[in-house]
Every structure is written in C-alpha cells, then in structure tokens.
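What follows is a short report on a single structure.
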Number of protein chains: 2
Amino acid sequence: MKPRILVVDDEPEAVELIEFNLKQSGYTVSTATDGAEALKKARSQVPDLIVLDVMLPEMDGFEICKTLRLDASTSRVPIIMLTAKAAEIDRVLGLELGADDYLTKPFSTRELLLRIKKLLARGQAGELSENLLRFGDLSIDTPRHLASWREKPFDLTATEFKLLTVLAQRAGRVQSRDQLLRDVWEYDSLIDTRTVDTHMRRLREKLGPASKHLDTVRGVGYRFVE
Amino acid sequence: MKPRILVVDDEPEAVELIEFNLKQSGYTVSTATDGAEALKKARSQVPDLIVLDVMLPEMDGFEICKTLRLDASTSRVPIIMLTAKAAEIDRVLGLELGADDYLTKPFSTRELLLRIKKLLARGQAGELSENLLRFGDLSIDTPRHLASWREKPFDLTATEFKLLTVLAQRAGRVQSRDQLLRDVWEYDSLIDTRTVDTHMRRLREKLGPASKHLDTVRGVGYRFVE
DNA sequence: CCAGACCGTCACCAAATTGTAACCAAAATA
DNA sequence: TATTTTGGTTACAATTTGGTGACGGTCTGG
C-alpha cells in the first residue's frame with residue numbers, strides 16, 4: 001500500500017516539482033494550493049503525511065496546522081512545514097503548532113524525501129509497537145481487543161483472547177498450566193487444570209492456520225512460538 | 001462563489017436597508033418577512049448565514065432559531081439575531097437557542113457587515129474541524145452538542161450524547177463499563193450497576209442504523225467501530 | 001404545582017461462555 | 001507389547017453476561 005502524501009503550496013511550480021519527485025519515489029500524491037482546499041482534501045481522505053508551506057494566501061500554514069491538529073481524524077498525521085525564515089522554526093516545532101519536522105527553502109529534494117521516509121517509519125513503528133503484537137500474519141491488538149490473521153479478526157471470547165495474549169507476550173517461553181491459571185484466570189484456588197487444555201483446544205480451533213504458533217510442550221505446558 | 005445570506009425582519013424598510021448594504025458588499029441576498037416564509041426559504045435553498053430579527057408576528061425569532069437548529073440541513077448555518085432588549089441576549093447566545101452572534105437595534109451597517117464577515121470566515125476555517133468527529137454518515141459535533149446521521153440530528157439526552165462522544169473519541173479501543181462510568185458519569189465508586197447497559201440500549205435505539213458503530217465486546221465492555 | 005423528560009435500578013430472559021467429567025489417542029515407559 | 005501418563009476431544013450442565021421492559025425518583029419548564 002503506497003503512503004498518501006498531501007502537498008500544500010501556493011506556487012504551482014513548487015507543487016509540481018515536489019509532486020513529481022514524490023511520485024517517483026512511489027508515493028501517492030494529492031495537492032492543494034490554498035488553505036481551504038488543503039483542509040478539505042485532508043479531511044475527505046486523510047493522508048499519511050502532509051507537506052505544508054507556511055506562506056499561503058488567506059489562511060497561512062500555521063492556521064492550517066493548528067486546525068488539523070484540533071480535528072480528531074487528522075490530529076496525528078505527521079506534518080512537514082516548509083518555511084522561509086529560520087526564526088519561525090521554534091514556533092513551528094513547538095507545542096503551539098506541533099509540526100513534526102521542517103525544511104527551510106530552498107531545500108534539496110533528497111532532503112525532503114529523507115525526512116518523509118523518517119516520519120513515515122516513525123509513525124508505523126511507534127503506533128504499532130506499544131500495544132500491538134505481530135507475528136507474521138497474526139496480530140494481536142490489546143486495546144481494541146482484536147486478534148486477527150491477515151487483517152481478518154477472529155471471533156474470540158474474553159478468556160480466549162486473554163489466554164492468547166498472555167502466551168504471545170511471553171512468546172518462546174513455556175508456560176505451565178498453573179502459571180496460565182494464575183495469569184489468565186487470576187485464580188488463587190485450584191480449578192481443574194484441564195480447563196486450560198479445553199481452552200487451548202477452543203483457541204486452536206478458532207485460530208485455524210494461526211494455531212501453528214501454539215505449541216504443546218508435553219509434561220510441562222504450552223508455548224507460543226513465532 | 002458569493003455567500004448567500006437570508007435576512008428576516010417584518011419591517012420592509014429594515015429589510016430593504018440591510019439587503020441593499022449586503023448586496024453592495026458582494027453577498028447574494030434573499031429575504032423573508034415572517035417566520036413561515038423564513039423557514040421555507042431557509043430550507044429550499046440553505047443560506048450561508050441568516051440575519052434574524054427577534055420581533056416577528058406569529059412565530060418569533062426564538063422559535064425560528066430553535067426550529068432551524070433542529071433541522072439537519074440548517075442546524076449549522078450561522079445566525080445573527082437582531083434584538084431590541086439587552087436582557088434577551090443571554091438566551092439568544094446560550095445553549096437553548098444557540099445563535100452565533102447578536103446585534104441590538106439600532107445598529108450600524110458597518111457593525112453588521114463586520115459580524116457577518118467574521119462568522120463566514122469562521123465557518124470556512126475552523127468550525128468544521130474543531131471538535132467535529134466524522135465517521136462516514138455519522139458526525140458528532142461536540143461544541144454544538146449535536147450528533148447526526150446524514151446531517152439529520154438525533155434527539156439525544158445529555159448523558160447519551162456524552163456516552164457516544166466518549167466512545168467515539170476512543171474509537172476502536174474497547175472501553176470497560178468501569179471506564180465509561182468514570183469518564184461519562186464521573187463516578188469514583190465502582191458500584192455494580194447495569195446503568196451503562198441501559199444507556200447503551202437507549203443510545204442504540206435512538207441511533208438506529210448508526211448504532212452499527214457500537215460494538216459489544218462480551219466480557220469486556222463496549223467499543224466504537226469506524 | 002403538574003406533566004413530561006431524564007435517569008438510575010431492578011428483575012427477567014435468552015444466549016454465550018465456561019468449567020468439568022468422561023472418554024479416547026498418542027506418547028512415554030517399562 | 002502392555003501399561004501408564006499425558007493431552008486432545010466431545011458433550012453437557014452451570015454460570016455469566018448483556019439485552020430488555022418496567023418502575024420510581026428527580027429535575028425542569030410552564
């Protein structure tokens with residue numbers, strides 16, 4: 001999936017130049033030449049990154065940036081500001097505006113491409129790493145309470161999801177049935193340890209091909225393998 | 001594209017005066033001299049702004065304002081109220097009516113033009129983005145306390161609206177009942193209660209087709225899906 | 001003061017989930 | 001090979017969970 005980038009600048013030649021280079025590099029590009037158009041496009045199809053010139057007629061880049069930050073859907077889109085004056089930099093990157101990077105004109109295309117690449121990478125890493133576990137085609141998203149195989153979610157019950165999560169979080173290490181009972185069921189007492197087996201079966205059944213990640217270690221317990 | 005403005009006043013001379021000045025300033029103007037006519041015109045071709053006199057025969061400006069706010073297509077049109085008494089101002093601008101600005105008669109034409117310009121500018125720039133959540137046909141406008149489906153507003157109570165808002169703001173992430181109690185009801189205590197469920201039911205009922213966004217995650221809580 | 005809106009609870013019900021036991025197959029052991 | 005141990009599988013009853021309708025209390029605008 002090609003990342004979508006919105007380029008905003010009031011000078012058509014500048015836009016064209018950037019657009020050409022970005023497309024060369026494999027991005028999908030949309031453009032705008034004034035604030036209203038920029039906001040409209042940013043909202044109708046939220047881009048993965050925005051390149052935004054500060055100097056614009058009517059609504060300037062600062063305004064646009066601030067506005068985008070206030071809107072839920074666009075508040076996290078990385079923004080690279082293009083600015084003429086070095087003096088503006090602090091404001092651009094500071095809390096008030098919260099742009100993610102800047103370039104002073106004139107800038108080299110290579111430089112712009114590098115910054116874009118960096119920001120896109122950061123976005124993908126940061127967002128996913130924290131609460132999202134990924135093992136090839138299998139992904140587990142804790143806050144959403146969704147586990148999926150190739151983006152197709154499984155229909156897991158609460159216990160099954162927790163069991164899978166606990167195992168995946170300790171991927172590689174064998175977990176005894178007692179450990180699982182403690183961590184998944186939060187029982188002090190001794191419920192039948194065969195309960196774990198039954199849940200493992202159900203989990204495997206629902207996971208289908210993804211159940212290859214669930215190993216039985218005979219005489220010990222279960223293990224999640226990558 | 002010239003902004004369209006609807007002027008409503010029962011005194012023909014007043015209407016004429018305003019109309020003349022607005023046209024001078026490059027606006028397209030339509031007029032009405034009573035409530036029924038005003039509503040009809042406002043609906044048939046939604047204006048970009050309405051100048052509305054409070055004192056009108058039969059249906060007064062308050063009524064019209066309220067009615068316009070309830071109608072999907074006109075609920076966001078900025079309204080400037082013309083009022084004789086300073087005492088009415090609170091009510092005009094408050095939540096009940098939600099006019100966007102007011103002028104006490106007599107007023108200078110220059111003043112009116114300034115207010116109009118300000119409101120129209122706001123409308124184009126910030127208004128839509130600021131605190132407006134959009135999920136396909138469903139939109140939630142926090143400051144206006146208005147949630148709507150294809151621009152048709154729901155008739156939600158305060159609690160229902162807040163519940164919807166909190167869920168939508170954390171779209172995707174499951175919220176436990178305890179979390180919802182804390183964030184929507186601002187309870188500290190974790191009393192066992194079915195209150196959340198009941199409100200979800202009422203909310204779903206009112207949302208109709210839009211309730212497809214509201215997922216139940218059995219054993220965990222509720223989730224707003226996009 | 002009253003009617004109506006709004007809200008928190010409760011009781012009930014259907015459905016989903018879950019723990020357990022009984023049974024079977026495979027692996028380990030002798 | 002026979003026996004024992006371990007884990008998989010099936011079935012089922014008990015429990016949990018959430019949806020729903022109803023009720024009474026409170027607040028508010030008229």
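Letters A, B, ... mirror the listed sequences (proteins, then strands); counts begin at 1.
- Rounded to an integer number of Å, the gap from B:Arg202 CZ to D:dC23 P is 14 Å.
- Within the structure, every side-chain polar atom (N or O) of A:Trp185 is placed at least 4.0 Å from both OP1 and OP2 of C:dT18.
- Look at CG on B:Leu156: it is 10 Å from P on C:dC6, rounded to the nearest Å.
- At the phosphate of C:dC6, neither OP1 nor OP2 sits under 4.0 Å from any side-chain N or O atom of B:Thr157.
- Taking the charged nitrogens against the carboxylate oxygens, A:Glu226 and A:Arg173 have no contact shorter than 4.0 Å, which rules out a salt bridge.
- Straight-line distance from the CD atom of B:Gln175 to the P atom of D:dG18: 15 Å, rounded to whole Å.
- Distances from the side chain of B:Thr198 to the nucleotides C:dA28, C:dT9, C:dG8 place C:dT9 closest.
- Listed pair A:Arg177 / D:dG7 meets the phosphate criterion, a side-chain N or O lying under 4.0 Å from OP1 or OP2.
- Of the two residues near DNA chain C, A:Glu160 and B:Glu160, the one whose nearest nucleotide lies more 5' is B:Glu160.
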Practice problem: Kindly determine whether B:Lys206 and B:Glu160 satisfy salt bridge (charged side-chain N to carboxylate O under 4.0 Å, His left out), including the steps that lead there. | Solution: CA-CA 9 Å; B:Lys206 288 189 181 176; B:Glu160 285 155 6; 2.9 Å; yes

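- The aromatic rings of A:Trp149 and A:His213 sit perpendicular to each other, their planes meeting at more than 60°, with 30° as the lower class boundary.
- Between A:Glu205 atom CD and D:dG7 atom C1' there is a gap of 16 Å when expressed in whole angstrom units.
- With rounding to whole Å, B:Met200 atom CE is found 17 Å from C:dG8 atom C1'.
- Between B:Arg201 and B:Gly219, the residue anchored nearer the 5' end of DNA chain D, judged by the nucleotide with its closest heavy atom, is B:Gly219.
- Between the CG atom of B:Asp178 and the P atom of D:dT17 there is a distance of 12 Å, rounded to whole Å.
- Comparing atom distances between the A:His199 side chain and each of D:dG19, C:dT18, D:dG8 picks out C:dT18 as nearest.
- Between B:Arg223 atom CZ and D:dG18 atom P there is a gap of 13 Å when expressed in whole angstrom units.
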Practice problem: Could you give me the CA-CA distance, side-chain angles and deciding distance for A:Arg177 and A:Asp197, then say whether side chain to side chain contact (heavy atoms under 4.5 Å, CB included) is met? | Solution: CA-CA 8 Å; A:Arg177 292 182 172 67; A:Asp197 298 54; 2.8 Å; yes

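- The nearest heavy atom of DNA chain D to A:Gly221 and to B:Arg204 marks one nucleotide each, and the one closer to the 5' end goes with A:Gly221.
- Between A:Phe154 and A:Phe161, the gap from one ring centroid to the other reaches at least 6.0 Å.
- Closest to the B:Ala158 side chain, of the nucleotides D:dT16, C:dC7, C:dT18, is C:dC7.
- For the pair A:Arg194 CZ and C:dG19 C1', the computed distance is 12 Å after rounding to whole Å.
- Side-chain proximity of B:Thr216 to D:dG18, C:dC7, D:dT20: nearest is D:dG18.
- The side chain of B:Asp197 has D:dG18 as its nearest neighbour among D:dG18, D:dG7, C:dT9.
- Electrostatic pairing of B:Asp183 and B:Lys162 does not count as a salt bridge here, judged by no charged N lying under 4.0 Å from a carboxylate O.
- Between B:Tyr222 and the phosphate of D:dG19, there is a side-chain N or O to OP1/OP2 separation shorter than 4.0 Å.
- Between D:dG8, D:dT16, C:dA28, one nucleotide has an atom nearer to the side chain of A:Arg218 than all others, and that is C:dA28.
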